[in-house]
Every structure is written in structure tokens, then in C-alpha cells.
Amino acid sequence: MVYLTDFEEFEAAALALFQQAPLRTRYLAKYRHVDGKVILKVTNNKVCLKFRTDQIANLKRVESFSQTFARWTVSEDLSKLGVPDQELEEAKKATKPTAKTKRRKG
């Protein structure tokens, strides 16, 4: 087991591990309320990568990585794993809430 201290390094190592064996690689996120820590684990039964944080600022990154890993698992073309998904970006823009205008009665 290797605990990586830098999140970008963890994400790059997880991508490399997934590209080596996409059918065997799995991802686990564990939250320990007692410690207030989030532990991310990516493994393929031979190599185990872990990232641990207790910083609130890293939670957005954890959420983003979870979504990214889910996209990797359903991707048909493994050569495009590192490229941002254009369809997902368009869907995010379409679902952004717009400011409502108040109507006057009368």
C-alpha cells in the first residue's frame, strides 16, 4: 500500500493503473467520522494506491475524482481517458440554474 500525499499524483497514478487493467481496477472511498478523514483507494489486487485527507478543501476534488473514475469505467475508448468529456461539459452548462425574474401582477 502506498499513501500518496499529492492529489494530482494520486489521480495520475490511478489513471495509469486503470489503463493497465481496466477490468480489474476498482475504487473505494471511505469516510471515518471519528477522525474526520476521507480515504481513497484504487487497486487492481497487485498495486494499491491510497490518498488520505482531512481537509475540507479537498472534498470537491474527491467528488470530481469519483465522477471521473465512473466515466473511465463506462468509457469505450481507453485512449481518450485523460481528455475532458465534451458531452458532460455541455450537460453541466445546460443544468446551471438561471436567475428568475419577478413578474408583476396587474
Side-chain angles (χ1 to χ4, degrees):
M1 273 186 268
V2 178
Y3 273 103
L4 300 172
T5 56
D6 185 38
F7 189 78
E8 286 81 17
E9 183 181 350
F10 170 76
E11 194 168 17
L15 175 61
L17 190 65
F18 185 81
Q19 286 176 331
Q20 287 176 358
L23 296 177
R24 292 221 171 257
T25 305
R26 60 189 183 277
Y27 163 71
L28 173 79
K30 181 168 64 170
Y31 176 70
R32 290 186 42 102
H33 182 68
V34 175
D35 302 333
K37 293 184 180 181
V38 174
I39 299 171
L40 303 178
K41 176 180 170 182
V42 176
T43 185
N44 67 353
N45 291 338
K46 293 180 182 177
V47 178
C48 181
L49 305 169
K50 286 189 170 186
F51 177 76
R52 175 179 32 194
T53 185
D54 58 354
Q55 302 296 317
I56 298 293
N58 284 339
L59 291 181
K60 193 70 168 172
R61 289 175 148 179
V62 169
E63 180 183 358
S64 174
F65 179 74
S66 296
Q67 292 174 352
T68 302
F69 196 87
R71 265 186 273 126
W72 292 348
T73 59
V74 297
S75 177
E76 294 176 2
D77 189 7
L78 295 180
S79 64
K80 296 182 181 179
L81 289 182
V83 180
D85 189 7
Q86 186 66 26
E87 189 176 322
L88 178 67
E89 297 300 323
E90 290 173 3
K92 284 182 180 178
K93 288 179 184 177
T95 59
K96 282 189 177 180
T98 58
K100 293 184 179 181
T101 59
K102 293 184 179 181
R103 294 185 182 180
R104 289 186 182 179
K105 292 183 179 180

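Numbers for residues simply follow the sequence, beginning at 1.
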Hydrophobic cluster membership, [X] vs [Y], 4.5 Å side-chain cutoff:
X	Y	result
L59	L40	yes
W72	L4	yes
F7	V38	yes
I56	F65	yes
Y31	V42	yes

Nearest non-hydrogen partners of L17 and L49, listed with the distance
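What the structure gives for the nearest pair is CD2-CD1, 4.1 Å.
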CD1 of I39 to NZ of K41: how many Å apart, nearest 0.5 Å?
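Taking CD1 in I39 and NZ in K41, the distance rounds to 10.0 Å.
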Would you find more than 12 non-hydrogen atoms of other residues, nucleotides or ligands less than 6.0 Å from R26 atom CZ?
yes
Inter- and intrachain pairs under salt bridge (charged side-chain N to carboxylate O under 4.0 Å, His left out), touching residues 42-67, at least two apart
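Every salt bridge (charged side-chain N to carboxylate O under 4.0 Å, His left out) pair that includes a residue of residues 42-67, provided the two are not neighbours, is E8-R61.
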Matching residue for Y27 among F51, F69, F10, F18 - test: ring pair (Phe, Tyr, Trp, His ring centres under 6.0 Å)
F69
Residue set satisfying side-chain hydrogen bond (donor to acceptor under 3.5 Å, both in side chains) with D6, at least two apart, ordered chain then number -> none
